[in-house]
Amino acid sequence: MPSLQSLRGMVDLLPDAIGLWQHVEASAREHFRRAAVAEIRTPLLEVTELFARGIGEATDVVGKEMYTFLDRGERSCTLRPEGTASVVRAAIQHGLLSQGPQRLWYGGPMFRYERPQAGRQRQFHQIGLELLGFADARSDVEAIAIAWDLLADLGVGGLALELNTLGSPDDRARYRGELVAWLEAHRERLDPDSQQRIATNPLRVLDSKVPDTQTLLAGAPTLADALCGESHERFARVRQGLEALAIPFELNPRLVRGLDYYSHTAFEITSSQLGAQATVCGGGRYDGLVQQLGGAPTPAIGWALGMERLVLLLSQAAHVSAPAAVPDLYVVSRGEAAEALALPVARRCRASGLVVELDGSGAAFAKQFRRADRSGARFAAVIGDAEASEGLAVLKDLRGERPEQRLAIAALVDVLRQLLARREPVA
RNA sequence: GCGGGCGUCGCCAAGUGGUUAAGGCAGCGGCUUGUGGCGCCGCUAUUCGGGGGUUCGAAUCCCCUCGCUCGCCCCA
């Protein structure tokens with residue numbers, strides 16, 4: 001164990017893993033582009049109050065998971081634990097919403113101080129969508145569809161969309177009252193955890209994993225029954241919209257999003273192949289948040305997708321492999337004059353768009369050829385002192401399909417481009 | 001914060017009380033001082049995450065500690 005290593009839960013992405021990440025990022029970018037969603041980038045560090053107010057003081061995220069510290073000006077700062085609050089803050093701060101509804105996406109690292117486990121790190125990465133200023137149920141459906149299509153396009157199988165409604169804030173408050181009353185009445189038969197949660201987060205009791213508690217809960221009042229007519233109608237329209245798009249979903253009445261700002265539509269996309277942290281994408285409607293953070297009342301819906309979990313799924317799938325960056329040309333040189341010439345040659349080839357790896361080791365030819373072979377390059381340019389003195393290079397086909405060819409360095413680029421162009425359709 | 005599992009070379013890994021801690025991959029050097037992919041030869045852990053203890057003797061037993069990992073809680 002080296003004396004200096006990364007902090008717990010802070011993971012290095014090594015070169016071998018990066019291809020998959022770039023693939024996911026490129027795919028997300030393309031899906032957002034097609035859906036006319038603009039990117040927004042906000043700081044990783046915000047005033048603590050933003051999250052305390054936005055996410056909710058009582059939530060686990062704010063209560064015990066934030067990286068919070070005082071900066072040199074004694075201001076309480078927090079490394080963002082999620083993206084929505086920052087995006088909303090930025091939209092308010094820059095008056096974006098007075099220009100009309102905003103379709104925004106973001107991506108990047110988030111920080112939560114939790115025990116790491118499969119699919120969970122302290123620094124993790126999310127890609128998220130926020131549709132600000134959209135009230136209609138159709139925007140809920142569109143937001144879900146964008147996530148669903150992205151995941152489908154990436155080739156992630158075995159996904160399930162779980163759907164619920166939390167009702168309006170009024171519905172929720174009313175239901176919360178009913179539920180707490182009922183739970184109190186049955187307190188003795190609940191497990192200790194659930195008893196605790198009556199006060200802290202009663203809706204969470206519904207999601208208890210204790211079998212006896214679950215049996216008991218069959219008789220509890222349901223949120224569905226507490227919905228007002230309008231909320232009911234709204235949820236029906238979301239379901240119909242998904243059906244019209246042939247996006248399959250399961251109703252999950254126990255699906256309760258943890259952050260305070262959610263209302264009405266809540267959803268998660270989960271995979272059975274992920275271990276305990278099965279949610280790849282989660283989101284919902286948050287009509288009250290913009291106002292709560294000081295903006296004009298603005299309806300909104302959004303989601304966030306966990307990159308680590310998505311990459312985990314993709315790396316499990318045998319067929320998904322990111323293409324490695326294989327050089328077109330590997331430049332081998334030995335001898336003072338030759339080595340001096342090698343970099344200019346490489347540079348000229350690179351300028352024309354070729355991928356060129358330069359062996360600057362000055363090692364024996366045998367060693368350099370060995371590395372050239374391992375690099376996967378199709379061709380090698382060999383420059384020794386004999387060539388250097390005449391301004392030549394030997395072009396060698398590393399798959400042995402063509403005899404070696406001595407040519408002027410000036411001609412190297414053109415010859416290579418021709419040879420590679422001819423191959424391309426085959427590959 | 002609470003549980004379970006694990007910690008031998010850059011990676012994989014044998015070894016469970018007794019002289020020098022297997023092997024494979026990768027790396028380096030050589031056979032081949034201008035030609036790779038195959039093959040052969042050689043080199044690379046005084047040391048078993050760290051610290052104490054037991055013992056004539058410990059990678060192997062005990063204690064503490066650090067780290068990794070899976071799960072709980074919660075979430076993406």
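In what follows, chains carry the letters A, B, and so on, assigned in the order in which the sequence lines appear, proteins first and then strands, with residues in each chain numbered from 1. The basis for the numbers below is simple: all heavy atoms, side chains too, and nothing from hydrogens, waters or symmetry mates.
Remark: A/Arg239 is positioned above the aromatic ring of A/Phe235, its terminal NZ or CZ atom under 6.0 angstrom from the ring centre and at most 45 degrees off the axis.
Using a 4.0 Å heavy-atom cutoff across all strands shown, A/Ala304 reaches sugar-phosphate atoms only and no base atom. Within the nucleic acid shown, A/Ala386 comes within 4.0 Å of at least one base atom, counting heavy atoms only. Among the heavy atoms of the strands, none lies under 4.0 Å from A/Glu268.
Of the charged side-chain nitrogens involved, at least one lies within less than 4.0 Å of a carboxylate oxygen, so that A/Arg138 and A/Asp136 count as a salt-bridged pair. With salt bridges taken as basic N to acidic carboxylate O contacts below 4.0 Å, none links A/Glu114 and A/Lys64. In this structure, A/Arg371 pairs ionically with A/Asp359, as a charged nitrogen and a carboxylate oxygen lie closer than 4.0 Å.
For A/Lys396, the side-chain atoms get nearest to B/G36 when compared with the rest of B/G34, B/C74, B/G36. Of all nucleotides listed (B/G34, B/G36, B/C74), B/C74 comes nearest to the side chain of A/Glu114. When each of B/G1, B/C73, B/U35 is scored by its nearest atom to the side-chain atoms of A/Arg115, the top-ranked nucleotide is B/G1. Side-chain proximity of A/Gln117 to the nucleotides B/C72, B/U35, B/G34 is greatest for B/C72. Which of B/C74, B/G34, B/G29 sits closest to the side chain of A/Lys367 comes down to B/G29. Among the nucleotides B/G36, B/C28, B/C70, the one closest to the side chain of A/Arg371 is B/C28. For A/Ala118, whose side chain is taken as the heavy atoms from C-beta onward, the closest listed nucleotide among B/A76, B/U35, B/C70 is B/C70. Distance from the side chain of A/Arg334 is smallest for B/U33 among the nucleotides B/C68, B/U33, B/U35.
Taking the C1' atoms as reference points, B/G50 lies 23 Å from B/A13, given to the whole Å.
Side-chain contact, A/Asp153 with A/His31: a donor N or O sits under 3.5 Å from an acceptor N or O.
For the pair A/Tyr113 and A/Ala363, both in contact range of RNA chain B, the more 5′-proximal nearest nucleotide belongs to A/Tyr113.
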**OP:** Kindly determine whether A/Glu387 and A/Arg406 satisfy salt bridge (charged side-chain N to carboxylate O under 4.0 Å, His left out), including the steps that lead there.
**Re:** CA-CA 9 Å; A/Glu387 287 78 23; A/Arg406 287 169 73 85; 3.0 Å; yes

Subject >> Stepwise salt bridge (charged side-chain N to carboxylate O under 4.0 Å, His left out) check, A/Arg34 with A/Glu30 >> reply: CA-CA 6 Å; A/Arg34 292 184 201 169; A/Glu30 176 61 12; 2.9 Å; yes

Please list each protein N or O that sits under 3.5 Å from an N or O in nucleotides 37-39 of chain B, with the distance.
from: B/G37; atom 1: O4'; to: A/Asp373; atom 2: OD2; distance (Å): 3.1
from: B/G37; atom 1: N2; to: A/Leu398; atom 2: O; distance (Å): 3.4

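Here A/Phe365 does not count as stacked on B/U35, because the ring centres are not under 5.5 angstrom apart with planes under 30°.
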